[in-house]
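Since the structure is predicted, the reported quantities are computational estimates derived from the model, not experimental observations. So you know, we letter chains A, B, ... as the sequences are listed, proteins then strands, and number each from 1.
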Protein chains: 2
Amino acid sequence: MSNHETVNEILVRLFANILDIEEKCLKIGEFFDLSITEMHVIDNIGFTTERTMSDTAKAVKVTSGTLTTAIDNLIKKGYVERRRSSEDRRVVKIRLTEKGKAAFKSHEDFHKDLVISALQRLNSHEEEVLIKVLSNIDVFFSEKYKFAGW
Amino acid sequence: MSNHETVNEILVRLFANILDIEEKCLKIGEFFDLSITEMHVIDNIGFTTERTMSDTAKAVKVTSGTLTTAIDNLIKKGYVERRRSSEDRRVVKIRLTEKGKAAFKSHEDFHKDLVISALQRLNSHEEEVLIKVLSNIDVFFSEKYKFAGW
DNA sequence: CTCAATTACTTTGATAATCAAATTATATTT
DNA sequence: AAATATAATTTGATTATCAAAGTAATTGAG
């Protein structure tokens, strides 16, 4: 098997596993009532004082209708607060509650832990190779993105 | 910025975009009537002479009920063939049609492009290092999160 | 050799995530 | 003041998914 095939195979498997692990870890943790999708919305809102629905929808790449229902659920579960802007009453501002912030931190920690674990056994030369490759992939995707249209 | 932060940052961005990009690339190509999920099923069936529903369901990590409906649709769209095994009549064997094989190849090309980009600017020594690094991470994840294989 | 248990798959009934299009309320422009 | 544009929500649909129930075929224990 060529290097290319090997790398492809491992990358595909890694990608599939990481998503799976993230989901499973979420389900057994404190914030088990959040789906991956909801966690990513929380992640995106982050610690910003307040942000609008439109900004958030654009950032997480869903329609505003989809975000409305996502936020409805997150409010029901106590992770997010919503209020109308007084400057422009069409605008709705959202932000994380304390519980939402806790979930954010927990998710952040999970990521940190994953990366630390993954890099633990690498010497600095190996780390550099890995970073080079990740950057290349990153560039590949931004190129693709450009033409994939938006 | 530390290596850890760099890796984390790139990984987060990569993960946020990868499915999205793959989806967009799919939609503008010849096989626009396939969803990402369906393409992954096709990818998994591959060029095997024939495989069973159970094997495939396990490999793509969905229940057999979910796979049944996925395969129903792929058959409707002409990508997959299904027949009962004559040795054991409980077993259903599936395989790609010619159209399915064409879709498989197209998806494979996308991945090849990705890997070629990823390996750009690496010399053969670095390629070896990369494979070692990726393999380690891969093994590490399957070990550490074995429990996630519930 | 038979029938209870197991296996392989499909069906059913439910939920979550998503979109496009219609709707509502507000702001801006002409 | 009326027409247009914007921000968000609602509506109606689709797709992916699961768990549990159902069906058909095979295996194995007595």
Select from A:Ser64 and B:Arg82 the residue whose nearest nucleotide in DNA chain C is closer to the 5' end of that strand. B:Arg82

Partners passing side chain to side chain donor-acceptor pair (under 3.5 Å) against B:Thr37 (at least two apart in sequence or in another chain): none

When all nucleic acid strands are considered with a 4.0 Å heavy-atom cut-off, which category describes A:Thr69: base, sugar-phosphate, or nothing? base

Nearest whole angstrom, please: distance from the C1' of C:dC19 to the NZ of B:Lys27. 12 Å

CD1 of B:Ile71 versus C1' of D:dT15: gap in Å, rounded? 15 Å

At less than 4.0 Å, is any side-chain N or O atom of B:Thr66 found next to OP1 or OP2 of D:dT17? Yes or no. no

Interatomic distance, B:Asp138 atom CG to A:Arg13 atom CZ [nearest 0.5 angstrom]: 4.0 Å

Does a side-chain N or O from A:Thr63 land closer than 4.0 Å to OP1 or OP2 of C:dC19, or not? yes

Using whole Å, what does the distance between atom C1' of nucleotide D:dT15 and atom CG of B:Asp72 come to? 14 Å

What is the distance, to the nearest angstrom, from the CG atom on A:Leu74 to the C1' atom on C:dA16? 13 Å

Anything under 30° is parallel, anything over 60° is perpendicular, the rest tilted; go ahead and classify A:Phe104 against A:Phe47. perpendicular

Which parts of residues 83-95 of chain B get close to DNA chain C, meaning a heavy atom less than 4.0 angstrom away? B:Arg90, B:Val91, B:Val92

Do A:Leu11 and A:Ile137 pass the side chain to side chain contact (heavy atoms under 4.5 Å, CB included) test, and can you show the C-alpha distance, the side-chain angles, and the key distance before you say yes or no? CA-CA 11 Å; A:Leu11 283 181; A:Ile137 295 177; 4.1 Å; yes

I'd like to know if the side chain of B:His107 pairs up with that of B:Glu22 as donor and acceptor (distance under 3.5 Å, no hydrogens or angles considered). yes

Under a 4.0 Å N-O cut-off, is there an ion pair linking A:Lys105 with A:Glu108? no

Roughly how far, to the nearest 0.5 Å, is OG1 of A:Thr48 from NZ of A:Lys93? 10.0 Å

Could you identify which residues of residues 34-43 of chain A place a heavy atom less than 4.0 Å from some atom of DNA chain C, listed by residue number, or say none? A:Ser35, A:Thr37

To the nearest Å, how far apart are A:Leu26 CG and C:dA16 C1'? 15 Å

Salt-bridge test for B:Arg121 and B:Glu126: reply yes if a basic N is under 4.0 Å from a carboxylate O, no otherwise. no

Honestly curious: do B:Val41 and A:Val12 fall in one hydrophobic cluster under the side-chain, below-4.5 Å linking rule? no

For B:Arg51 and C:dA8, give me the distance from atom CZ to atom P, rounded to whole Å. 14 Å

Taken to the nearest whole Å, CE/B:Met53 to C1'/D:dA24 is 15 Å

Whole-Å distance between D:dT6 C1' and A:Lys58 NZ? 12 Å

